[in-house]
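Okay, so here's the structure we're looking at.
All residue numbers refer to positions in the sequence shown, counting from 1. Counting starts at 1 for both ligands and their atoms, in listed order.
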Amino acid sequence: MSEIITVKAPVNIAVIKYWGKRDENLILPLNDSVSGTLDTDVMCAMTSVCARPDITENEIWLNGSRTTFDNPRLKKCLGAIKSLAASQKSVSDEFLTWNVRICSENNFPTAAGLASSAAGYACLVCALAKLYKVTGDVSSIARLGSGSACRSVYGGFVQWKAGVRSDGSDSVAVQVVDSKHWPEMRVLILVVADTKKHVSSKKGMKISAETSELMQHRIKHSVPRRTVEICDAIRERDFETFAEITMKDSNQMHAVVQDSYPPSVYMTDISHRITRMIHTYNDMQGSPKVAYTFDAGPNACLYLLEENVPEVLCLVKQMFPSSSNNFVTGLPLPKKMPSKVDFPMEPFGTDLLKNVIYTKIGDGPQVVKDDHLLDQQGRPKRYV
Ligand code: DP6
């Protein structure tokens, strides 16, 4: 019987967006993308796995509930790790016949549109890789779970190379710089109070790939240039260039979403108020000090340098008053915070934001010792 393997894996937030697939089945993207990997101490997925001869069928628990294993993406990830293990002869033939039990949790709300599938699949694949003792890059296997998951396999800033081969063997994630390269980089996630159900990114990007003319311009011209420029800006720690490209690329992804037929909308009125607030702030500063980016939902992710956190946090609180006494969570707050920012806009309204998560760039997946979600018999500790 196997030991229990537990891994925690990070969320990543793209600054050059992945939007559109050239192969739905292998999850191959139409364009390169680039992201920052966020600190697992603030937000992470955690997954325990084991394989045993006495488990009669593969089983999975997700955030407390037993879920069906009959999910093609999940099966593909397990199948790919097992065939790699078979070709590397990393475990015995008998071990490969045993079923697995998987228990996975996110320490942040799954449905909040906060890249939970990326962290979840990266975590699952890294835990399975360890269980089956496979070596080498597993980002292309994480990609089979959810495209953006391949970027959560590494820390720091990461590029997912779209690749050109039809078998997807060159569609992998590579690290641009590690988490120590730009130690001042911080992230504020503004979680918008929103109950609207948005079109899934899977469906939304399919419609865009099939119908948007702007998408063609994006993948041929904008993204190739921006990818080179933003990777250089990251290597040179050039925040102004980094910020401008990040905002333009988010705006373009959402323009593509609007240019799709039928169109979708992920950003809400509150999201647009956030962008207006950031542009006004950057104009006041004379150069971009904060960059916003939005995924397939209304939440804003702000990239900024540590020196600007006190003022920007104060500004967010001033413009989005909250009745919550747990409004900002995550990293310890700066010791010195201004009490007011001179700002030419009136506050927007109370409780438009649910909360703010303060975090930074962090490392890739890590093995966790002695804190498993499965007990020694391989049963979920907290659920039945
Ligand atoms: C808007 O990775 O969730 O967050 O590959 O279909 O699982 P699938 O999509 P997913 O798409 C994420 C898209 C995005 C932009 C990004 O993270 O690059």
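- Nearest to atom 10 (P) of ligand 1 by heavy atom, out of Ser148, Pro29, Gly20, Ala118, is Ser148.
- Note that CG of Asn71 and NZ of Lys76 are 9.5 Å apart. Values are rounded to the nearest 0.5 Å.
- Residue, atom and distance of the protein heavy atom nearest to atom 16 (C) of ligand 1 are Arg151 NH2, 3.3 Å.
- Using bins of under 30°, 30° to 60° and over 60° for the plane-to-plane angle, the ring pair Phe294/His254 lands in the perpendicular bin.
- Relative ring orientation between Phe242 and Phe157 is described as perpendicular, the plane-to-plane angle rising above 60° on a 0-90° scale split at 30° and 60°.
- A salt bridge links Glu57 with Arg66: the closest approach of a Lys/Arg side-chain nitrogen to an acidic carboxylate oxygen falls below 4.0 angstrom.
- Interface atoms of ligand 1 facing Ile27, defined by a heavy-atom separation under 4.0 Å, are 5 (O).
- Checking only distances, Asn12 never comes within under 3.5 Å of ligand 1, N or O to N or O.
- Residue pairs meeting the side chain to side chain donor-acceptor pair (under 3.5 Å) criterion with at least one member in residues 171-183, sequence neighbours excluded, are Trp160-Ser171, Ser179-Asp363.
- None of Met215, Gln216, Lys21 except one satisfies the side chain to side chain contact (heavy atoms under 4.5 Å, CB included) rule with Leu30; the exception is Met215.
- When hydrogens are left out, the protein atom nearest atom 3 (O) of ligand 1 is Ser201 OG, 3.3 Å; that is the closest non-hydrogen contact.
- Ala296 counts as a contact of ligand 1, since one of its heavy atoms falls under 4.0 Å from the ligand.
- In this structure, atom 6 (O) of ligand 1 lies nearest to the protein heavy atom Lys21 NZ, 2.8 Å.
- Heavy atoms of Trp19 approach ligand 1 to within less than 4.0 angstrom.
- Scanning all heavy atoms of the two residues, the minimum distance from Ala122 to Ala149 falls at CB-O, 3.7 Å.
- Assignment of Arg73 to the shell around ligand 1 is supported, since a heavy atom sits closer than 4.0 Å.
- Taking distance alone, with nitrogen or oxygen atoms compared against 3.5 Å, Gly147 approaches ligand 1 more closely than that limit.
- Here is the list of ligand 1 atoms found below 4.0 Å of a heavy atom in Met205: 9 (O), 11 (O).
- Around the NZ atom of Lys248, the shell of radius 6.0 Å holds no more than 12 heavy atoms that belong to other residues, nucleotides or ligands.
- Taking any N or O of Tyr18, backbone or side chain, at least one lies under 3.5 Å from an N or O belonging to ligand 1.
- Contacts with ligand 1 closer than 4.0 Å are made by side-chain heavy atoms of Ala14 only, the backbone lying farther away.
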